[in-house]
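Letters A, B, ... are given to chains in the order of the sequence lines, protein chains preceding strands, and every chain is numbered from 1. Note that the coordinates shown come from a computational prediction; the quantities given were computed from them, not determined experimentally.
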Amino acid sequence: MRTDKAQLAKTYDPAITEEKWYRYWLEKGYFHARTDAPAEPFTIVIPPPNITGSLHMGHALNNTLQDILVRWKRMQGYNALWLPGTDHAGIATQNVIEQQLLKEGSNRYQYGRERFIQRVWQWREESGRAIIEQLKKLGSSCDWQRERFTMDEGLSRAVKEVFVRLYQEGLIYRDNYIINWCPRCQTALSDLEVEHEEIKGHLYYVRYFLVEGDGYLTVATTRPETILGDTAVAVNPNDSRYIPYLGKELYLPILNRKIPLIADEYVDIAFGTGVLKVTPAHDPNDFLMGLRHQLAQIKVIGEDGRMTAEAGKYAGMDRFQCRKALLGDLEQACYLEKKEDYSHSVGHCYRCKTIVEPNLSRQWFVRMEPLAKPAIQAVNEGRVRIIPTSWEKTYFEWMHNIRDWCISRQIWWGHRIPAWHCQACEAITVDREEPRACQQCGSPNLSQETDVLDTWFSSALWPFSTLGWPDKTRDLEVFYPTSVLVTGFDILFFWVARMIMMGLKFMGEVPFREVYIHALVRDAEGKKMSKSRGNVIDPLVMIERYGADAFRFTLAAFAVQGRDIFLSEERIQGYRNFANKVWNALRFALMNLTDLCGQIEELKLADQHHMETEDRWIISRLNRVIGQVNIALEEYKFNEAASNIYQFFWHELCDWYLELIKPRLRQSTPSKLVAQQVMAFVLDKSLRLLHPFMPFITEELWQQLSVAGEGIMVAPFPKTQEAWIAPQIEEEMSFLMEVIGAIRNIRGELNIPPGCKIEVVLDPKEPGELAIIERHQHHIVLLASVEKLKIGAWDSTAKKAVSALVYKTEIFVLPPTTIDWQSEGKRLSRELAKIEEELRLVEAKLSNESFRAKVPRAILEKNIQKEQALREKAENLRKSLEKMS
RNA sequence: AGGCGCGUAGCUCAGUGGGAGAGCGCUUCCUUGACACGGAAGAGGUCGGGGGUUCAAUCCCCCCCGUGCCUACCA
């Protein structure tokens with residue numbers, strides 16, 4: 001694997017590297033978690049992507065975060081398992097195949113159930129695995145040996161087991177109820193699968209004439225076609241306007257059926273005319289009202305979205321066509337009083353966006369309340385922690401108002417409900433295996449339920465079904481409950497809540513200890529509408545263009561708690577540059593380590609006396625950053641972890657440390673060896689810190705460094721060593737950096753080119769500062785491009801100089817050429833004005849009595865010091881200006 | 001209707017009850033033997049508007065404006 005050290009390319013090329021190392025990790029089996037490992041387990045189950053899907057930004061973020069956590073924990077020595085898999089996605093997948101059939105001029109009914117399902121399986125083998133390959137491109141360290149699919153034999157067994165047990169306990173029942181029906185998908189949907197959207201429609205006012213006399217009542221409706229299914233008209237019993245009419249009958253317009261006027265508290269007196277038409281078969285509220293008043297349920301809209309025979313002359317028409325036709329007829333016959341613009345929210349199928357029809361239908365339901373209770377408790381008691389905690393409120397809100405879950409779907413692709421209908425007595429037999437005879441009458445004449453289960457029914461079992469349940473497996477024993485679930489809030493109810501319920505019910509234990517809810521990436525799919533600027537970003541294109549590492553790092557840097565993400569390609573480019581910076585830092589190091597024999601070793605505290613200030617400084621800083629990164633990851637603050645590493649690596653390690661040691665590396669003294677050792681040590685640790693975020697480049701570079709170990713992904717993650725943290729060294733360095741900064745600042749302002757060396761006089765009025773400056777003269781000379789450095793007092797009568805003040809050290813830069821003293825003077829005046837303004841503010845603060853009385857001592861002292869410093873700076877500037885004129 | 005969130009530099013976004021930050025972009029200078037996907041310096045913000053609490057508010061509270069989302073059985 002090792003290439004010649006000196007031959008590292010000038011820029012990093014991700015394409016080859018990523019391929020190579022992913023294969024290496026797989027070959028080594030690093031992703032596989034063993035059940036006999038003594039280490040504490042750390043488990044994540046993947047939110048299984050749909051087999052119809054291809055990797056979008058949401059997946060990319062979700063899986064990057066999981067991979068960061070898993071790689072980090074694995075390096076920390078945990079027995080880390082990231083269990084991958086895919087979801088059969090019943091309706092979505094069925095739609096894909098049905099589209100194919102349509103193109104072939106066929107449909108699923110012509111095809112037949114058996115053949116259709118075979119075809120789906122075949123398609124799944126061919127195309128349904130694409131997303132797995134895409135996850136690998138991202139660098140996901142999933143245990144592929146444990147990959148699962150919701151339609152696997154084992155998981156199907158779990159589904160049956162759960163169904164049977166819930167049925168036996170009375171938690172699953174079958175009933176005639178009003179449900180959401182998608183006429184295009186030809187199936188029932190759960191409440192959650194309906195997306196509400198505000199639609200600009202109309203409110204139609206329709207007259208219902210009294211059977212006796214010639215009066216009428218006016219009813220307002222948004223769905224006139226349902227008039228055909230009305231079986232009553234209702235008013236509020238307290239509505240004095242209509243009390244005289246109670247008990248009378250009305251003629252249904254057009255059909256002229258007689259229907260009663262009933263009284264029900266549900267009716268809102270203030271809405272419309274206060275008269276409500278009641279259609280029990282096509283409206284959830286009317287359905288309930290129908291039950292209360294024993295009204296007939298007349299279905300006028302069929303499963304295909306067309307009007308039924310009950311609709312009279314409209315039979316066979318599409319529901320919207322019928323609306324149009326009916327409105328025409330109503331108008332013509334003077335039934336239509338008026339029409340108002342009205343916007344209201346209308347349910348759409350979440351899979352195909354067709355307008356959902358509330359329809360009376362016999363379906364299977366799960367009784368949710370008994371399952372929800374313990375799940376509420378689990379979160380309440382902190383057995384499941386939701387992070388950020390603000391989502392708990394949303395969770396509780398939904399769980400407290402939970403309604404029964406319609407789980408049957410009239411499609412073919414999915415887990416077929418394990419229930420058999422007796423042809424003889426109509427009884428239902430529910431069992432794990434196909435029963436031989438009816439439980440009720442013993443008849444062998446049985447036929448299996450044709451409905452399949454909601455896809456989310458099997459997803460709800462995912463954390464334990466994937467580990468082998470209902471068998472008592474070693475996997476379950478070791479890895480359940482899982483450690484954390486990483487997901488977006490859009491499936492908090494769909495999935496997270498249901499997993500908690502099912503986990504508690506069947507495992508007697510929560511499915512995960514923590515749930516980390518991350519942001520949603522806004523995409524072009526219209527999912528999260530925003531200022532749509534056509535900013536669609538395809539993760540695979542980004543990986544192709546900038547490398548998986550840069551892409552992952554960007555996502556991590558953007559992964560802030562509680563906010564949506566809108567990626568910009570420029571930002572990815574920025575982190576690609578960072579990857580290149582890392583590459584070149586190692587390139588530099590490797591070029592300077594060729595003569596270092598043996599492996600890189602841990603540094604010993606006892607050896608620090610051989611070290612220079614910069615050595616101890618960078619090690620101290622490293623240890624602080626290690627702490628920051630570990631804490632940030634502990635708290636799921638991915639952006640903080642990422643930016644801490646970024647800042648450290650680029651702006652401390654590269655900008656300062658590597659620059660500072662360059663002269664030492666060119667000598668051949670013992671000091672060179674120390675610099676080499678420290679540099680290698682710090683780079684080794686930095687690469688490890690970076691590895692969970694940028695797995696590929698860090699592996700590639702780490703393998704070039706001679707560190708003991710097979711690979712960085714199985715190397716221990718750094719831990720802070722407090723003993724290396726040296727505050728006084730850090731202070732010394734930051735003083736030095738400020739002095740250098742001040743000189744550079746003057747150079748920059750005077751536009752003195754780097755090639756042009758300058759003369760500098762430093763006059764430290766404080767012994768400590770003098771000592772530091774004396775000790776680091778060579779650094780100042782190097783990093784500020786100084787020709788001649790003098791330490792001591794400055795003779796103001798001699799040459800003109802530009803000065804600055806850092807703490808108690810006066811800095812004089814003697815420009816080599818004639819410079820524009822006038823514009824320099826202007827600059828200084830501006831500077832002085834700024835400082836005086838600041839000084840004024842601080843003085844005002846300090847002269848405020850109640851401020852001095854109430855402010856904490858530390859803040860007070862800070863302000864006093866600040867005032868002092870500003871005074872000195874201002875004084876210094878005034879002196880400079882004086883000399884200039 | 002209820003609930004949640006957002007509005008900080010030209011753009012994309014961090015952050016904090018006590019000195020306004022990053023990346024990109026912009027200006028000036030620099031092909032210095034890791035890196036021009038680079039180095040050095042710099043400009044740029046009344047932290048949406050108004051009020052309140054506080055010695056102190058970009059941050060906490062209230063109102064308003066703009067904007068996004070979730071939940072809901074108003075015809």
Practice task
From the options B:G38, B:C30, B:C73, select the nucleotide whose nearest atom is closest to the side chain of A:K581.
Solution key: B:G38
Practice task
Would you confirm whether the ring centroid of A:W650 sits within less than 6.0 angstrom of the ring centroid of A:Y646?
Solution key: yes
Practice task
Classify the nucleic acid contact of A:F287 as base, sugar-phosphate or nothing, counting any heavy atom under 4.0 Å across all strands shown.
Solution key: nothing
Practice task
For A:D490 and B:U71, give me the distance from atom CG to atom P, rounded to whole Å.
Solution key: 10 Å
Handout entry: All side chain to side chain contact (heavy atoms under 4.5 Å, CB included) counterparts of A:P358, not counting sequence neighbours
Key = A:I178, A:R223, A:P284
Practice task
Using side-chain hydrogen bond (donor to acceptor under 3.5 Å, both in side chains) as the criterion, list what pairs up with A:D13, not counting sequence neighbours.
Solution key: none
Fill in the blank from the handout: Stems of at least 3 consecutive Watson-Crick or G-U wobble pairs (donor-acceptor distances under 3.5 Å) involving RNA chain B, listed by first number, are B:1-7 with B:65-71, B:10-13 with B:21-24, B:26-30 with B:38-42, B:48-52 with B:60-64
Problem - Nucleotide B:G38, atom C1' - distance to CZ of A:R576 in whole Å - result: 12 Å
Practice task
Using a cut-off of strictly less than 4.0 Å, decide whether A:K854 has a side-chain nitrogen or oxygen near OP1 or OP2 of B:A56.
Solution key: no
Exercise for the section: Would you classify A:R666 as touching base, sugar-phosphate or nothing, given that sugar-phosphate means primed atoms plus P, OP1 and OP2, and contacts are heavy atoms under 4.0 Å? Expected result: base
Exercise for the section: Consider only side-chain N and O atoms of A:E652 and A:Y657, and report whether a donor and an acceptor are under 3.5 Å apart. Expected result: no
Problem - From A:Q704 atom CD to A:R587 atom CZ, the distance as rounded to the nearest 0.5 Å - result: 12.0 Å
Exercise for the section: Using whole Å, report how far CG of A:N580 lies from C1' of B:A34. Expected result: 10 Å
Output one line per pair: protein atom, nucleotide atom from nucleotides 42-46 of chain B, and distance, for all N/O pairs under 3.5 Å.
unit_1, atom_1, unit_2, atom_2, d
B:G42, OP1, A:N745, ND2, 2.4

Practice task
Please name all residues satisfying side-chain hydrogen bond (donor to acceptor under 3.5 Å, both in side chains) with A:N285, sequence neighbours left out, ordered by chain then number.
Solution key: A:Y266
Completion exercise
With sequence neighbours left out, the residues meeting side-chain hydrogen bond (donor to acceptor under 3.5 Å, both in side chains) with A:K338 are A:E340
